[in-house]
Amino acid sequence: MHRSAKRLASLLTCAAVPVLLVAGCSGSDGKSSGDSTPSGSSSAAASSPSPTVAAAKFKKLPNPCEAFSKDTLNKLLPKVKDAAGSQGKSTDTTSRGACSWSSSDDQGVDGTQFRWLDVAFQRYDSDPTIGSGEKRATDFYTQQINDAKATQGAKKVAAVPTAGTGDAATAISYDVNKEDNDFKNTTIVARTANIVVTLNYNGAGMAGANTPNGNDLLKAAQAAAKEAVTAATKANQG
């Protein structure tokens, strides 16, 4: 066969081979089209180390209904209905837990002072695909603050840092009217390492009672939040 005719036949045969097998065909210069891949790149990729993150500091959570002393509960909740609290349901008590209390102090003709307190603990483990436990907790900490600021019907919203409470803490105070009662609310969000503590404390004067002082509720909530953060730390000691 003529030389040019043989070359054309060779090219047509190569073109008829499926795409996945093209690397086995030779060009006019005699070099395989698969020779452009650097030697050893596949083995280098396969041996690349998996991403790692720092281990989470805390592995446990406290019993949320035991986060406060009796003195603290009596101060925040005069005539508390159940000092043992009402524990929230959790499918994983090492990762999340909550408890709540309420009190109604009947002052006769002067009306009734109502108080509500709840605390929630959220713990995050480290995950190479998501991030460290501390980073995940920091993201949730920010989310909780934003959620508190965006409370439906909230008025006079103010946020201030709370010193000496974990690695970071913010107090959000606001007013809300519910069923013709003016409530003073405080939400404290605190983070210690990979645990986030969210505390809600509010009060209202009912049946003619005076509306409680918002600053007094704020100071009481800040002190309680410090106690809850301490409880989280103690749960991981020993």
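The shown structure was predicted, so the numbers you read here are calculated from the model rather than taken from an experiment.
Counting only heavy atoms from C-beta outward, the side chains of Ser69 and Glu227 approach each other to under 4.5 Å. Lys59 places a side-chain heavy atom less than 4.5 Å from the side chain of Asn236. Inter-residue side-chain proximity for Val80 and Leu73 is flagged as unmet; no heavy-atom pair is nearer than 4.5 Å. Looking at heavy atoms from C-beta onward, Gln222 lies out of side-chain contact with Thr165 at the 4.5 angstrom threshold.
In this structure Thr187 satisfies the side-chain hydrogen bond (donor to acceptor under 3.5 Å, both in side chains) test together with Asn200, sequence neighbours excluded. Under the rule for a side-chain hydrogen bond (donor to acceptor under 3.5 Å, both in side chains), the partners of Thr198 that lie at least two apart in sequence or sit in another chain are Gln144.
In Gln237, the CD atom is crowded: over 12 heavy atoms of neighbouring residues, nucleotides or ligands sit closer than 6.0 Å. The neighbour count for Asn181 CG, taken as heavy atoms of other residues, nucleotides or ligands under 6.0 Å away, is above 12.
Here the closest heavy-atom approach between residue Ile195 and residue Ala232 is recorded as CD1-CB, 4.1 Å. Nearest heavy atoms, Gln113 versus Ala209: NE2-CB, 3.7 Å. Annotation for Pro64 and Trp101: closest pair O-CH2, 3.7 Å, computed over non-hydrogen atoms. Considering every non-hydrogen atom in both Ile188 and Ala225, the closest pair reads CG2-CB, 3.5 Å. The shortest heavy-atom contact between Ser132 and Ala54 is CB-O, 4.2 Å. Here the closest heavy-atom approach between residue Phe68 and residue Ala224 is recorded as CE2-O, 3.2 Å.
The hydrophobic cluster containing Phe58 also contains Leu199, counting ILVMFWY residues as joined when their side-chain heavy atoms lie under 4.5 angstrom apart, directly or transitively. Side-chain heavy atoms closer than 4.5 Å link hydrophobic residues (I, L, V, M, F, W, Y) into clusters, and following such links, possibly through other members, connects Tyr141 to Tyr124. Cluster membership for Phe121 and Phe140, using ILVMFWY side-chain heavy atoms within less than 4.5 angstrom, is not shared. Ile172 and Tyr201 end up in different hydrophobic clusters when Ile, Leu, Val, Met, Phe, Trp and Tyr side chains are linked at under 4.5 Å. Linking ILVMFWY side-chain heavy atoms closer than 4.5 Å, directly or via other members, places Tyr174 and Leu218 in two distinct hydrophobic clusters.
One finds the CG atom of Leu61 at 9.5 Å from the CZ atom of Arg96 (value rounded to the nearest 0.5 Å). Here NZ of Lys57 is found 8.5 Å from CG of Asn194. Values are rounded to the nearest 0.5 Å. We find the CG-CG distance between Leu77 and Leu117 to be 5.5 Å, quoted to the nearest 0.5 Å. A distance of 11.5 Å separates CG in Leu76 from CG in Asp71, rounded to the nearest 0.5 Å. We find the OG-NZ distance between Ser173 and Lys149 to be 11.0 Å, quoted to the nearest 0.5 Å. Between atom OG1 of residue Thr72 and atom NZ of residue Lys226 there is a gap of 12.5 Å, rounded to the nearest 0.5 Å.
With salt bridges taken as basic N to acidic carboxylate O contacts below 4.0 Å, one links Lys135 and Asp139. Note on Asp175 versus Lys155: no salt bridge recorded, every NZ/NE/NH1/NH2 to OD/OE distance being 4.0 Å or above.
Proximity of a side-chain donor or acceptor of Ser104 to a complementary backbone N or O of Phe114 within less than 3.5 Å is not detected. A distance-only check finds a donor-acceptor pair linking the side chain of Arg191 to the backbone of Ala193 [under 3.5 Å].
Remark: of the listed residues Asp105, Asn74, Thr112, Asp106, Asp105 is the sole one forming a side chain to side chain donor-acceptor pair (under 3.5 Å) with Lys79.
Checked by atom type, the side-chain pair Ser90/Thr93 shows no donor-acceptor distance below 3.5 Å.
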- Residue pair Val53, Ile130: steps toward the side chain to side chain contact (heavy atoms under 4.5 Å, CB included) verdict: CA-CA 9 Å; Val53 292; Ile130 303 175; over 6 Å; no
- Where do Arg123 and Lys60 land on the side chain to side chain contact (heavy atoms under 4.5 Å, CB included) test, with the steps shown first? CA-CA 8 Å; Arg123 186 187 66 84; Lys60 302 176 183 177; 5.9 Å; no
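In the hydrophobic clustering, Val109 connects to no other residue, as no ILVMFWY side-chain heavy atoms lie under 4.5 Å from its own.
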